[in-house]
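Heads up: the structure comes next, in structure tokens.
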Amino acid sequence: MSSKLHYRACHLCEAICGLVIETQGTRILSIKGDRDDPLSRGHLCPKAVALRDIHEDPDRLRAPVKRVQDGAGGVSWQPIGWDEALDTTARALAATIQAHGVDAVGVYMGNPSVHNYGMLTHQRELFQYIRTKNRFSATSVDQLPHHLVSLWLYGHKLLIPVPDIDRSDYLLMLGANPLASNGSIWTVPDVKKRIRALRERGGRLVVVDPRRTETALEASEHLFVRPGSDAFFLAAVLNTLFSEGLADPGALGEVAQGLDSVAAAVAPFTPELAARHSGIDSAAIVRIAREFAAADSAVCYGRMGVSTQAFGTLCQWLIQMINIASGNLDRPGGSLFPQPAVDTVQTATPGGYARQHSRVRGLPEFDRELPAACLAEEIATPGEGQIRALFTGAGNPVLSTPNGRQLDAALGQLDFMVSLDPYINETTRHADIILPPTSPLEHDHYDLSFHLLAVRNTARFNEAVFEPPPDSLHDWEIFAALGQRLATLLGLEPQQPTPPQAIIDFGLQAGHYGDQGLSLAKLREQPSGVDLGPLQPCLPQRLHTPDKTIACAVPEALADLQRLRDAFNGDGDSSLRLIGRRHVRSNNSWMHNYHRLVKGRDRCTLLMHPQDVARHGLENGARARLASRVGAVDVTVEASPEMMPGVVSLPHGFGHARDGVRLRTAVRHAGVSCNDVTDEHYLDALSGNAAVNGVPVTVSAV
Ligand SMILES: Nc1nc2c(c(=O)[nH]1)N[C@H]1C(S)=C(S)[C@@H](COP(=O)(O)OP(=O)(O)OC[C@H]3O[C@@H](n4cnc5c(=O)[nH]c(N)nc54)[C@H](O)[C@@H]3O)O[C@H]1N2
Ligand SMILES: Nc1nc2c(c(=O)[nH]1)N[C@H]1C(S)=C(S)[C@@H](COP(=O)(O)OP(=O)(O)OC[C@H]3O[C@@H](n4cnc5c(=O)[nH]c(N)nc54)[C@H](O)[C@@H]3O)O[C@H]1N2
Ligand code: SF4
Ligand SMILES: [Mo]
């Protein structure tokens, strides 16, 4: 049998690398980087091989299963047909809605749903009948502050500018480790080569991080920062730009309004004050502000470490202010808005904030979603609006949201739970029914999310690598089938869905490059992708604000500066702070079942500076108890000078040793869950985003 080459973008992370997959019959022979992809240029990381491992994994469900309780209190999973699975699910959801109202149904959508375009285009087919206030997603343990700040400044949650690294002279990066993550809210495949090119042309990369990360090792300069204190540093950089007369918004002069008020608000944030709280030397703060202003082009960028912390929204607003005040927003080499071929900024709602609040704790919604940190209490607290039935799709909140143990317990109290997921994992083990979609290689692929955040404008559509097996359904088909059944039960007219690729074809032709002839047919001719050129300035036209201006002096952000000062009002606290970490061979909670990715030494260790190890009476390799307000886990200590003293680091996504988890390899590399220690009450108060970084913890010998 002859072999065949397939062109395919990887959907596992935001770098969306082009791949060439060689198959023979139903076997995968090799997976290589696609050198003709104009964005990724042949790059791939070790996770690319997981595409094969996912496809072949014997633990991956191929048919729906139903949880059956045996007499002895044990649980088994019984394979059932699609009709039974979909009918049972629709009946349970309809019964909940009819008896208790629509808010009694909760929804949690996880990260892979944004990497799977059919899930994005078709979740509405179901959720239009479940207009519940109790919607949750991984956004609120992740990038929520970016969306909120973009809504405030640019009028749309998805209008997020990204560093134009290939033309930049100065990159100030906080709380991001793209060498491990391959970039986030910034699609930048092959980032290492791009950083090296920046430095070779005389540019500088300055990394601010409590850990000397893989990215910090590639930087011109690395500065340790006390977790959660970045807003002081950013405010002092901004203040220095204003007070030294270095601020000049340039071409944005007419568009960016209210910078005087911003300057007044950050005036009290002196480099000395910032140094006291952040641990970054005041002379370095002044120098960085001057270098930033003097560079021909410069850009400030911050990710997880400055989003999922107690001042996440304030940090993201300050980052935008630095780019605007220095004239680097919408400028080549600065911070630019990508222009994707299918533009979700045109089709998605702009988002909204605090129009309603969570029932139990009064946390604000964003874009009709509530913070994931309050999901457990919305299930466990009786009363009107209590969640009694839950739908989860492509998510694992037991391992990925703060105080996961509490959620784990709450899920057991539900009347009904259904999960759209290929695995029986820490979350889905609580489901009554699990609906597994086709494997990623069995459906076609267009990336609807990440071209919007990419360092170059490109587009690519790829066919399925394998035919889907008989009696299988894609994620989008499951949404549509459930929606039709639910509509009928609720006495509504069921709808016929338009297939996702037709939606993409329409989006391409109606989009920015449609008049240049871009269409699905055109993309099919070029399976390695079409190059649409470097990022271009586009303001003020592209703004979604009513008057096409940027109102910089956001009242909520200005008020949050006071919360920052109040929070750091004491003599400085000496408590240990917990941060996370990512590894290039892992991906959140679901990449631990593939032998090739988990083999080797244990990665779920607690990194601690050697001084802290000694101070706590521990030694390298010792077992220690990591504890917080909400819980404790026992971990192996790894002494590491790459940590800032006073800060400890544990990766998230582990903790697989729970009853009933059917991930045989992951269970052998179980580790512990960082989110059994993170605190559901430790949040960015403005957005409700979980502060999984900077959590106060203690460490003691066991
Ligand atoms: N402490 C701490 N917690 C964190 C983080 C951190 O840095 N520290 N990071 C946070 C971040 S950034 C994120 S994004 C979240 C992630 O949080 P979640 O999205 O809740 O969790 P994932 O681990 O991504 O789980 C993905 C699930 O989707 C399933 N899946 C994979 N592909 C598909 C598919 O194509 N279709 C369907 N239906 N299912 C699929 C997998 O089997 C798995 O169950 O975790 C957050 N939690
Ligand atoms: N290999 C791999 N790649 C991934 C993922 C994965 O799990 N594994 N997950 C994907 C997902 S869903 C996302 S959202 C992205 C995340 O992408 P990134 O944000 O680039 O990844 P992280 O490794 O979480 O980087 C956060 C950095 O913030 C630092 N940090 C922690 N607290 C603070 C703080 O208070 N201040 C500052 N300045 N820094 C702090 C941490 O030390 C860490 O280096 O990665 C994506 N790519
Ligand atoms: S960097 Fe991300 S997109 Fe590229 S091969 Fe690795 S996992 Fe896939
Ligand atoms: Mo994420």
Side-chain angles (χ1 to χ4, degrees), residues 8-19 31 33-34 37 40 43-51 54 57 59-61 108-116 118-119 136-143 178 180-185 187-191 303-305 307-308 372 392-402 404 419-428 434-440 442-443 447 450 474-476 478-479 578-582 584-593 649-654 663 673-678 689-693 695:
R8 177 81 183 190
C10 176
H11 71 291
L12 294 177
C13 89
E14 298 174 45
I16 63 173
C17 300
L19 303 175
I31 299 181
D34 182 354
D37 183 304
S40 64
H43 178 74
L44 85 177
C45 87
K47 282 188 302 301
V49 299
L51 289 181
I54 296 167
D57 188 354
D59 288 339
R60 183 170 63 79
L61 298 174
Y108 176 92
M109 294 296 288
N111 169 278
S113 64
V114 299
H115 294 263
N116 177 331
M119 291 189 91
F136 303 84
S137 79
T139 291
S140 53
V141 270
D142 191 348
Q143 81 286 4
S181 70
N182 287 295
S184 184
I185 311 297
T187 287
V188 57
D190 207 3
V191 66
R303 207 30 212 111
M304 278 298 280
S307 294
T308 50
T392 73
N396 191 1
V398 166
L399 293 193
S400 54
T401 66
S419 294
L420 176 57
D421 201 286
Y423 286 108
I424 303 174
N425 63 22
E426 301 72 15
T427 297
T428 62
I434 304 177
L435 307 169
T438 48
S439 115
E442 290 162 354
H443 59 77
D447 202 300
F450 297 106
H474 302 308
D475 282 290
W476 71 268
I478 299 171
F479 276 120
L578 172 67
I579 63 168
R581 97 180 162 264
R582 284 178 157 78
V584 74
R585 289 179 174 274
S586 180
N587 189 28
N588 296 327
S589 77
W590 68 289
M591 222 45 28
H592 300 147
N593 209 41
S649 166
L650 185 70
H652 76 287
F654 288 91
L663 295 159
S673 177
C674 179
N675 286 319
D676 289 344
V677 176
T678 61
N689 202 39
V692 292
N693 284 297
V695 182

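Atoms within a ligand are numbered from 1 in the order they appear, just like the ligands themselves. Positions are given from 1 along the sequence.
Residue contacts with ligand 3, taken as heavy atom pairs separated by less than 4.0 Å, involve Ile16 solely via the backbone atoms N, CA, C and O. Both the backbone and the side chain of Leu420 come within 4.0 Å of ligand 1, judged by heavy-atom distances. At a heavy-atom distance under 4.0 Å, atoms from both the backbone and the side chain of Ser400 approach ligand 1. Only the side chain of Cys674 comes within contact range of ligand 1, with a heavy atom under 4.0 Å; no backbone atom does. Counting heavy atoms under 4.0 Å from ligand 1, residue Asn111 touches it through both backbone and side chain.
With hydrogens and angles left out, the side-chain atoms of Arg582 and Asn587 include no donor and acceptor closer than 3.5 Å.
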Handout entry: side-chain contact (heavy atoms from CB on, under 4.5 Å) between Asp421 and Thr392, worked out
Key = CA-CA 8 Å; Asp421 201 286; Thr392 73; 5.8 Å; no
Problem - Intermediate values then yes/no, side-chain contact (heavy atoms from CB on, under 4.5 Å), Asn182 and Val584 - result: CA-CA 8 Å; Asn182 287 295; Val584 74; 4.0 Å; yes
Handout entry: Evaluation steps, side-chain contact (heavy atoms from CB on, under 4.5 Å), between Asp142 and Met304
Key = CA-CA 7 Å; Asp142 191 348; Met304 278 298 280; 3.3 Å; yes
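Contacts of Phe654 classified as ring pair (Phe, Tyr, Trp, His ring centres under 6.0 Å), with partners at least two apart in sequence or in another chain: His592. Checked against side-chain contact (heavy atoms from CB on, under 4.5 Å), Asp34 has the following partners two or more places apart in sequence or in another chain: Tyr7, Val20, Asp36, Asp37, Arg460, Ser528. Take His115 and apply the ring pair (Phe, Tyr, Trp, His ring centres under 6.0 Å) test, not counting sequence neighbours, and it matches Phe450.
Close approach to Gly110 involves these atoms of ligand 1, each under 4.0 Å from a residue heavy atom: 19 (O).
Checked against a 3.5 angstrom limit, the closest N/O atoms of Tyr423 and ligand 1 fall outside it. Taking distance alone, with nitrogen or oxygen atoms compared against 3.5 Å, Tyr108 approaches ligand 1 more closely than that limit. Checked by distance only, ligand 1 and Asp421 come closer than 3.5 Å through their nitrogen or oxygen atoms. Geometrically, ligand 1 and Asn396 share a nitrogen or oxygen pair separated by less than 3.5 Å.
Near-neighbour remark for atom 6 (Fe) of ligand 3: protein N, O or S atoms under 2.8 Å are Cys45 SG; waters not counted.
For the atom pair CG of Leu44 and CG of Leu51, the computed distance is 9.5 Å after rounding to the nearest 0.5 Å. In this structure, SG on Cys13 lies 10.0 Å from CE on Met591, to the nearest 0.5 angstrom.
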